[in-house]
Amino acid sequence: MSAALLLDQSLAAIVVAIMYAGGTVLEDFARGRAERNLKALTDRSPRFARRKSAEAVETIPVDDVHVGDEILVRAGDVLPVDGHLLDATAKIDEQAVTGEPLPENRRAGDYLRSGTVNAGEAFTMRASAPADRSTYAGIVRMVAVAQTAKAPFIRMADRFALLLLPATLIVAALAWYASSDPIRALAVLVVATPCPLILAAPVAFIGGVSRAARAGILMKGSEALEALARARTAVFDKTGTLTRGGAQLVEQETAPGHDPEEVLRLLASLEQASHHVLADAIAGEARTRNLTLSHPARVREHRGAGLEGTVGETQIRAGSRALVLGDSLAPIWATDGEKRYGGQPVLRVYVALDGRLAGVLTFGDALRGDAAETLRTLKSAGISRTVMLTGDDHQAATRVAAQLDIDAVIAEASPSEKVKAVQDEMRQAPTMMIGDGINDAPALAAATVGVAMGARGATASSQTADVVILTDRLRPVGEALQIAHRTRAIALQSIVVGLSLSGVAMIAAAFGLITPVAGALLQEGIDIAVILNALRALGEGSGPGLNRAPSVSLTTSIPRQ
């Protein structure tokens, strides 16, 4: 603008000023669109809670909630803190936290997370954490921390932008010198635009982070997204990551002439009177199948072995092989299972009805249903090597790895050995580590990019990791990698195309083909083109998994500066 005024090109100066103001508006629009979910995130943070006491229900600031307080959550309320459900049932809308599009049914004792919404009738919960240590507050903190860092890609773009100024001045000077016309130099200055470098790349990365959040993936800034895009090796923890963690029904064998559903229903009815670790798993499996449980009677528990009692008119004995069969041989239909699971790290529950063996249920750490699909997605997205890294024994690790396309298995590893294994992989290629437990936190921190399965609440792994999966599924890990690749490609495309257009325009201006006024308009057109292209990172994109993510209106996004 100063050069235009000095050369008596006031119209060009005015157009440049208008274009500059328009560029500022465009920048605000682009950033605002990519960051709009952050305001929604902070605006919906719970501010009050309704605490129940013997006398009445009082409304208190959420910061005054203490562990153990009974909290009344009305229909439509956002849960103020983490806690456990006290009522029989509740319906919870978790999409703002996990991206799950449909409300989930919860039962007494289930863990509830702050930031989710009561989608059913009013219920009572018991606080298990203060507000500042609850799930939603942890998400807001992680988002706030993420605003301070820039991705290496963006920092590189900023450095190139600094080189654009002297390059532009040199081209302008050469145009002036060759033509003896200062207007050509002015046209070169006007048409040169650094926006593809200093704005398009950050907007694309903001969009990618926001897009990931809509799928229940919290990326702690664009640096995490950049690191994820570079990963070529994936290292998985086993328990709670590739597997569900805890006791899950692996297989049910039933005697001829017996209905498997009825055997499970009778067993679950009896297990209601037990405090054994498997009791909840058995009852949960029955509820999943919508089986109606009955009240057991005359229950007698054999410590460490099982229990017996009656359900209706049926006498039931359930537990270890020794308790149910004693020294007797198993029937022919049960012998295959005994051979198959002999020496395996599983728990087998034998069920006898009226004195005869009716079924055998095998419980173990079951493989996640989406584990195989996730590994295929990762390999199609550029992961060339997959490793299972676990503290479990080698036999258990091999059993899980046999069901998956895993390149290497490292078992019986301590936390320090996990770190060493990750560092060894990093010497070969950029490495992503996926885990969920406290013992995984050091390895997550050591990896090129750490991905935590954080659906079960705020843990050391979630705080340490660069990426947090907010849903209790593994598939978003593959989606996160696809989003990272697509975002980086869009950012690079915006830079290359934008600078190419700007370079062509500068050459044209140097040869007198573009006037300063036309150059200002052309410069703004280039800016608009590259920024709109960068905003494509907010969209669903294409490829496996990307177009299946649920759409969420209130979720996390991480703005960048």
Side-chain angles (χ1 to χ4, degrees), residues 142 146 149 151-152 212 216-221 223-245 367-368 370-371 374-375 377-379 381-392 397 400-401 404-456 458-485:
M142 287 188 286
I217 305 160
L218 177 61
M219 295 190 181
K220 299 180 182 178
E223 186 170 3
L225 190 146
E226 163 74 2
L228 193 61
R230 293 188 291 111
R232 293 295 175 267
T233 298
V235 178
F236 290 89
D237 174 49
K238 181 181 80 68
T239 306
T241 302
L242 289 173
T243 64
R244 296 185 179 277
L367 188 70
R368 285 185 182 270
D370 57 356
T374 300
L375 288 173
T377 301
L378 290 176
K379 292 200 171 184
I383 294 297
S384 57
R385 175 174 166 81
T386 54
V387 180
M388 179 193 294
L389 179 59
T390 177
D392 287 357
V400 173
L404 298 170
D405 186 14
I406 297 286
D407 296 317
V409 176
I410 303 174
E412 301 180 16
S414 65
S416 60
E417 290 171 334
K418 286 187 175 184
V419 171
K420 183 179 183 303
V422 169
Q423 291 173 338
D424 289 342
E425 294 294 336
M426 289 174 62
R427 293 188 185 98
Q428 307 301 319
T431 300
M432 61 187 293
M433 167 72 192
I434 305 99
D436 74 311
I438 293 175
N439 63 331
D440 296 321
L444 291 170
T448 306
V449 57
V451 181
M453 305 294 292
R456 299 179 185 178
T459 65
S461 60
S462 297
Q463 299 298 325
T464 304
D466 306 292
V467 179
V468 180
I469 305 299
L470 298 175
T471 60
D472 193 21
R473 295 176 298 154
L474 193 60
R475 184 166 65 87
V477 175
E479 293 181 26
L481 189 63
Q482 290 176 323
I483 291 169
H485 280 298

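- Put simply, the side chain of T431 never gets that close to the backbone of A447: no donor and acceptor are under 3.5 Å apart.
- Taken to the nearest 0.5 Å, the CE atom of M453 stands 9.5 Å off from the CZ atom of R473.
- Contact annotation: the side chain of R385 approaches that of E425 to within less than 4.5 Å [non-hydrogen atoms, C-beta and beyond].
- For the side-chain contact (heavy atoms from CB on, under 4.5 Å) test with I217, the passing option among L228, L225, I469 is I469; the others fail.
- For the atom pair CG (L242) and CE (M388), the distance works out to 5.0 Å, reported to the nearest 0.5 Å.
- The two residues L378 and A234 make their nearest non-hydrogen contact at CD1-CB, 4.3 Å.
- With rounding to the nearest 0.5 angstrom, the CE atom of M432 is 10.5 Å from the CG atom of D466.
- Scanning both residues, A443 and V419, for their nearest heavy atoms gives N-CG2, 3.7 Å.
- Side-chain contact between T374 and R368: absent, with no pair of heavy atoms (C-beta onward) separated by less than 4.5 Å.
- Counting only heavy atoms from C-beta outward, the side chains of F236 and V400 never approach each other to under 4.5 Å.
- Rounding to the nearest 0.5 Å gives a distance of 5.5 Å between CG of D237 and OG1 of T390.
- Of all heavy-atom pairs spanning I483 and A212, the tightest one is CD1-CA, 3.8 Å.
- Counting all heavy atoms, side chain and backbone alike, V449 lies closest to A224 at CG2-O, 4.1 Å.
- Here the side chain of T386 pairs a donor or acceptor atom with the backbone of D405 at under 3.5 angstrom.
- Taking both residues in full, the closest heavy atoms of A401 and V409 are given as CB-CG2, 3.5 Å, listed atom of the first, atom of the second, then distance.
- Annotation: side chain of D407 is in contact with side chain of K379 (closest heavy-atom distance under 4.5 Å).
- Here the straight-line distance linking atom OG1 of T448 with atom CD of E226 works out to 11.5 Å at 0.5 Å rounding.
- Just one of L474, V477, L389 meets the side-chain contact (heavy atoms from CB on, under 4.5 Å) condition when paired with T241; it is L474.
- Summarising the geometry of T377 relative to Q482, their closest heavy-atom pair is CG2-NE2, 3.5 Å, with the distance given to 0.1 Å.
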